[in-house]
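Single-structure report; data block below.
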Amino acid sequence: MQISLKETAAELKAKQRIVITAHVNPDGDAIGSSLGLAHALRALGKDVQVFIDDDIPAAFSVLPGYELIGKPVDGQNIPADLLVAVDVSLDRIGRVAELCTAPVLNIDHHVTNDGQADKLYLDGKAAAAAEIIYQLIGELGVNGNRDMAMCLYMGLATDTGWFRFSNATPKTMLAAADLLAWGAEPNLISEALEQRPFAEVQSLAVGMQKIELLAGGRVAGACLDYATMQEYDAPEGLIGMVRVIEGVDIAFTLKEKEPNLCRVSLRSKGLDVTKIALQFGGGGHVRAAGCTIEKNCAEARTDLINAIMQVLEAES
Ligand code: AMP
Ligand code: MN
Ligand code: MN
């Protein structure tokens with residue numbers, strides 16, 4: 001059932017033991033909005049725990065509360081009055097879905113949200129889940145502080161490509177300005193995320209060598225098979241390099257992270273890439289989406305390119 005922001009605030013106020021989670025393979029918004037909400041609810045005197053079913057990259061240790069993020073273990077019972085899932089649909093929260101059986105409040109900005117939660121606050125126009133959490137903090141009547149600000153700024157900045165993408169609206173910028181007033185230090189956040197291991201920077205060159213141009217230059221992508229992924233640290237920034245190629249509308253990367261398991265990232269400058277991601281059970285936003293294809297790199301590449309071509313043809 002979809003609910004309003006006011007009802008979301010009321011639901012949180014009514015519950016005491018609250019567990020917050022976000023998607024596996026967590027990004028700056030998943031981690032930042034989880035921790036930002038946790039700080040706000042603690043200010044209200046709630047018992048709050050954050051569980052994410054994945055490893056949290058060390059770069060995020062710049063965020064206050066990073067060390068309190070738990071990773072669930074098999075068989076663990078996670079007691080709670082309410083499970084809050086942010087920046088995600090329930091199919092991507094990993095084992096938290098089985099280990100915490102409390103009613104679920106879902107707060108999300110993905111237009112592809114599957115609506116499976118007991119209660120859902122969805123704002124597809126919000127640039128980041130962090131932008132919703134910022135609005136929610138106002139609705140809860142909590143005074144913002146540096147801890148909340150650092151976490152929420154992380155979410156806003158990473159999901160908007162540092163306020164460069166088309167999802168950044170006046171609301172986003174006003175929220176960011178307010179977060180600075182609360183004490184956020186953007187330089188610390190960007191410095192923490194910029195730092196890359198030497199091997200990863202070098203591996204960017206390997207990934208860039210693999211970029212191929214398709215559809216007369218309207219599509220570009222790089223596929224890294226399992227052997228390549230074993231040899232080099234997969235560069236997170238590769239999709240950004242594909243995206244900047246002149247004339248390219250759809251950019252993709254395909255990384256075989258485990259044998260026969262490929263993680264796909266999709267970006268576009270115009271076309272709706274959720275149409276491609278949804279075909280493989282993934283999702284995301286019009287201009288940034290992702291999915292997983294359970295095939296080897298070569299087979300997954302063929303399927304992905306076919307799906308991309310279909311979308312291109314349908315649009316032309
Ligand atoms: P990424 O390429 O991993 O940065 O993801 C781009 C966007 O697509 C983000 O908003 C993700 O949350 C979303 N996304 C990525 N993978 C999936 C998936 N398997 N299912 C649903 N959404 C996804
Ligand atoms: Mn995310
Ligand atoms: Mn997000």
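Atoms within a ligand are numbered from 1 in the order they appear, just like the ligands themselves. Along the sequence shown, the residues carry numbers beginning at 1.
Within a 6.0 Å sphere centred on NZ of K171, heavy atoms belonging to other residues, nucleotides or ligands number 12 at most. Within a 6.0 Å radius of CZ in F163, other residues, nucleotides and ligands contribute more than 12 heavy atoms. Taking a 6.0 Å sphere around CD of E294, one finds it holds 12 or fewer heavy atoms contributed by other residues, nucleotides or ligands. Heavy-atom neighbours of Q230 CD from other residues, nucleotides or ligands within 6.0 Å: above the threshold of 12. The number of heavy-atom neighbours closer than 6.0 Å to CE of M309, taken from other residues, nucleotides and ligands shown, is above 12.
Nearest to atom 15 (C) of ligand 1 among the protein's heavy atoms is G290 CA, 3.4 Å. Distance from atom 21 (C) of ligand 1 to its nearest protein heavy atom, with residue and atom name: G283 N, 3.1 Å. Atom 9 (C) of ligand 1 has as its closest protein heavy atom H110 NE2, 4.0 Å. In terms of protein heavy-atom proximity, atom 7 (C) of ligand 1 is closest to A288 O, 3.4 Å. Considering only non-hydrogen protein atoms, atom 4 (O) of ligand 1 sits nearest to R267 NH2, 2.9 Å. Looking at atom 11 (C) of ligand 1, its nearest protein heavy atom turns out to be R92 NH2, 3.7 Å.
Taking the Mn ion (ligand 2) as reference, H23 places its N/O/S atom NE2 nearest. Distances from the Mn ion (ligand 3) to each N, O or S atom of D87 single out OD1 as the nearest. Within D159, OD2 is the N, O or S atom that lies nearest to the Mn ion (ligand 3). Sorting the N, O or S atoms of D29 by how far they are from the Mn ion (ligand 3) puts OD2 first. D27 has its closest N, O or S atom to the Mn ion (ligand 2) at the position named OD2.
Checked options I52, I56, D55, V96; the residue passing with K71 is D55 (criterion: side chain to side chain contact (heavy atoms under 4.5 Å, CB included)).
Listed by atom number, the atoms of ligand 1 under 4.0 Å from S265 heavy atoms are 1 (P), 2 (O), 3 (O). Every atom of ligand 1 with a heavy atom of H285 under 4.0 Å away is listed here by number and element: 10 (O). Those atoms of ligand 1 with a heavy atom of C291 less than 4.0 angstrom away are 16 (N), 19 (N). Each of the following atoms of ligand 1 lies closer than 4.0 Å to a heavy atom of G284: 8 (O), 13 (C), 22 (N).
With a 4.5 Å cut-off on side-chain heavy atoms, T253 and L224 do not count as touching. Annotation: side chain of E11 is in contact with side chain of K119 (closest heavy-atom distance under 4.5 Å). Under the 4.5 Å side-chain criterion, counting only non-hydrogen atoms from C-beta, T228 is in contact with K210.
Side-chain contact of H109 with N167: a donor-acceptor pair under 3.5 Å is absent, judged by distance alone.
Minimum interatomic distance between S89 and D114 (heavy atoms only, all atoms of both residues): OG-N, 3.2 Å.
Residue L266 has no N or O atom closer than 3.5 Å to an N or O atom of ligand 1.
Not one N/O/S atom of H110, from backbone or side chain, sits under 2.8 Å from the Mn ion (ligand 3).
Considering R287, R263, E236, H109 only, the shortest heavy-atom separation from atom 3 (O) of ligand 1 involves R263.
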